[in-house]
Every structure is written in structure tokens, then in C-alpha cells.
Amino acid sequence: MSQLSNACNTILDQLSDAVTQLTEDEFTRPSKTLSGSSIGQHLRHTLEFFICLEKGWNSGLINYDKREHDKLVENDKDVALLTLNRIRQFIIGQSTNKSLLLEVGYDPTSDENVSVQTNYFRELTYNIEHAVHHMAIMKIGICEVAPHALIPENFGVAASTIRHRGEIMAGAH
């Protein structure tokens, strides 16, 4: 669990650092590169998956389609940072696995869902992968709307890619 928790905390720290560097305008400004989405919208989307996981921990049922789409998180940097910290506290507080049920619905013409057995560690892993994916997108948007921001080279890069790059560099010597 510590590897998952550490990876998650690294992601949350990187997101907090990035958001802190943005002005409120940069955080909410639509990005042409991101098809009119803002950094705040991508962050909100990412965080709401973690919030669904937290709710699922408490109820035993996760449904990522039932996100709140909280406009405060995407439009107010301070609310976003508080949400990041709340998620961090939740992650730190979980050290054991737990069976959960994942509810999914892939038919756009129906509200019917399918239930799939899963567990907390599996869903935390999914949330980490999902966050890294959106961080890569956010990084592109940040470069457009806030070129002054200092974003780490590995922001939005999967651990396997970082390892692979290291192997390539080691082979070059």
C-alpha cells in the first residue's frame, strides 16, 4: 500500500504546486489547446474521481459517473487546494484494502448500470493512472495559459515511462 499511497501523494503534491503557481485568471481561463477547457476544469474532473473513491469507501459502492461537477472546485483556486488537501488526508488514512462494488453504465441511451467487483487498492491504482493522464493534458494547457509556471519534467508522466527514460539514458553512457 505504501507505494500506492506515495505515488498518490506525489501526484497530489505536484497538482498543488502547479495550482499554487497559477493566478485565478490562469486557473479558469479557457485554453485553445484544450478545446476551450480550463486547467480548473481538468483538475476538478481529476479530483472528483478521488472523491467518488472516498464516497465508495464509505458506502461500498463506487460510480464515477455520479460526479458532482462542482463549479467551485474548477473556478476557485482556494477551494481546489482545500479539496486536494482533503483527498490527501483521506488517502493517508487508508492503509488496508477493502472489497467494493463498481457501478458502470456504457449505454448512452439507458440509465442501467452493470456492477463489477473491485477493491480499494485497484480503484486507487485507477485513480492514479487517471490523474497522470489528466496531468499530461493540464501540462499542455499550463504551458499555454501560464508559461511562467515551473512544472516538473515528470508532471503527467507515468512511472513506467520515467523508468524507461532512465534505462535509455543509462544505456547512452
Side-chain angles (χ1 to χ4, degrees), residues 1-19 22 27 31 33-75 77 79-94 97-108 113-143 151-165:
M1 173 55 185
S2 64
Q3 190 175 144
L4 291 176
S5 183
N6 290 343
C8 196
N9 280 322
T10 297
I11 286 167
L12 296 172
D13 287 345
Q14 286 183 338
L15 286 167
S16 293
D17 290 345
V19 170
L22 303 177
F27 184 70
S31 163
T33 309
L34 303 183
S35 301
S37 296
S38 69
I39 302 306
Q41 287 173 317
H42 276 277
L43 180 64
R44 187 252 324 137
H45 172 82
T46 303
L47 298 183
E48 284 186 340
F49 274 64
F50 284 104
I51 292 167
C52 287
L53 178 58
E54 179 181 9
K55 288 180 180 177
W57 173 267
N58 295 323
S59 70
L61 178 68
I62 300 170
N63 186 325
Y64 296 114
D65 293 338
K66 294 186 177 175
R67 299 183 311 278
E68 292 181 21
H69 299 90
D70 187 342
K71 296 292 184 193
L72 279 175
V73 174
E74 72 181 56
N75 290 316
K77 271 180 44 176
V79 172
L81 290 167
L82 287 171
T83 303
L84 277 159
N85 286 330
R86 194 186 94 225
I87 292 166
R88 183 181 290 107
Q89 292 309 308
F90 167 71
I91 300 299
I92 289 169
Q94 311 314 315
N97 204 2
K98 178 179 179 178
S99 291
L100 299 167
L101 202 57
L102 175 65
E103 204 174 61
V104 295
Y106 293 111
D107 183 347
N113 290 308
V114 175
S115 296
V116 178
Q117 285 290 326
T118 189
N119 63 61
Y120 173 72
F121 289 163
R122 170 64 188 98
E123 294 307 311
L124 182 58
T125 302
Y126 169 70
N127 272 261
I128 290 167
E129 297 297 327
H130 179 254
V132 169
H133 165 75
H134 277 277
M135 289 168 69
I137 295 168
M138 282 185 255
K139 186 177 187 177
I140 295 166
I142 290 169
C143 288
I151 304 301
E153 181 181 341
N154 289 333
F155 185 98
V157 180
S160 61
T161 302
I162 295 167
R163 279 193 304 275
H164 179 71
R165 288 177 179 170

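Numbers for residues simply follow the sequence, beginning at 1. Since the model is a prediction, treat every value here as computed from it, not as a measurement. Hydrogens, waters and symmetry mates play no part in the numbers below; they use all other heavy atoms, side chains included.
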Which residues satisfy the side chain to side chain donor-acceptor pair (under 3.5 Å) test with N154, sequence neighbours excluded?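 Not a single residue meets the side chain to side chain donor-acceptor pair (under 3.5 Å) criterion with N154.
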My understanding is that only residues two or more places apart in sequence, or in another chain, count here; which of them pass salt bridge (charged side-chain N to carboxylate O under 4.0 Å, His left out) with [X]?
X   : value
E54 : R86
E68 : K55
D65 : none

What heavy-atom pair brings [X] and [Y] nearest, and what distance separates the two atoms?
X    : Y    : value
L102 : E123 : CD2-OE2, 4.0 Å
R67  : H69  : O-ND1, 3.2 Å
F121 : T125 : O-OG1, 2.8 Å
M135 : Q14  : CE-OE1, 3.2 Å
F155 : M138 : CE2-CB, 4.5 Å

Return the set of residues passing side chain to side chain contact (heavy atoms under 4.5 Å, CB included) with H130 (not counting sequence neighbours), or none when no residue passes.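 Once residues adjacent in sequence are excluded, the partners of H130 under the side chain to side chain contact (heavy atoms under 4.5 Å, CB included) criterion are H45, F49, Y126, H134.
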For V79, give me all partners under side chain to side chain contact (heavy atoms under 4.5 Å, CB included), at least two apart in sequence or on another chain. L72, V73, D76, T83
Give a yes-or-no answer on whether the side chains of E103 and S115 include a donor-acceptor pair shorter than 3.5 Å. no
Donor + acceptor pair across side chains of N85, R88 (<3.5 Å):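 Yes, side-chain donor-acceptor contact under 3.5 Å.
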So N63 and V104, side-chain contact (heavy atoms from CB on, under 4.5 Å) or not? Walk me through it. CA-CA 6 Å; N63 186 325; V104 295; over 6 Å; no
Side chains of [X] and [Y] in contact at under 4.5 Å (non-hydrogen atoms):
X    : Y    : answer
N127 : C8   : no
I91  : L124 : yes
L100 : L61  : no

Between N9 and I92, is the side-chain contact (heavy atoms from CB on, under 4.5 Å) condition met? List the steps. CA-CA 8 Å; N9 280 322; I92 289 169; 4.1 Å; yes
Step by step, would you call L15 with L43 a side-chain contact (heavy atoms from CB on, under 4.5 Å)? CA-CA 8 Å; L15 286 167; L43 180 64; 3.9 Å; yes
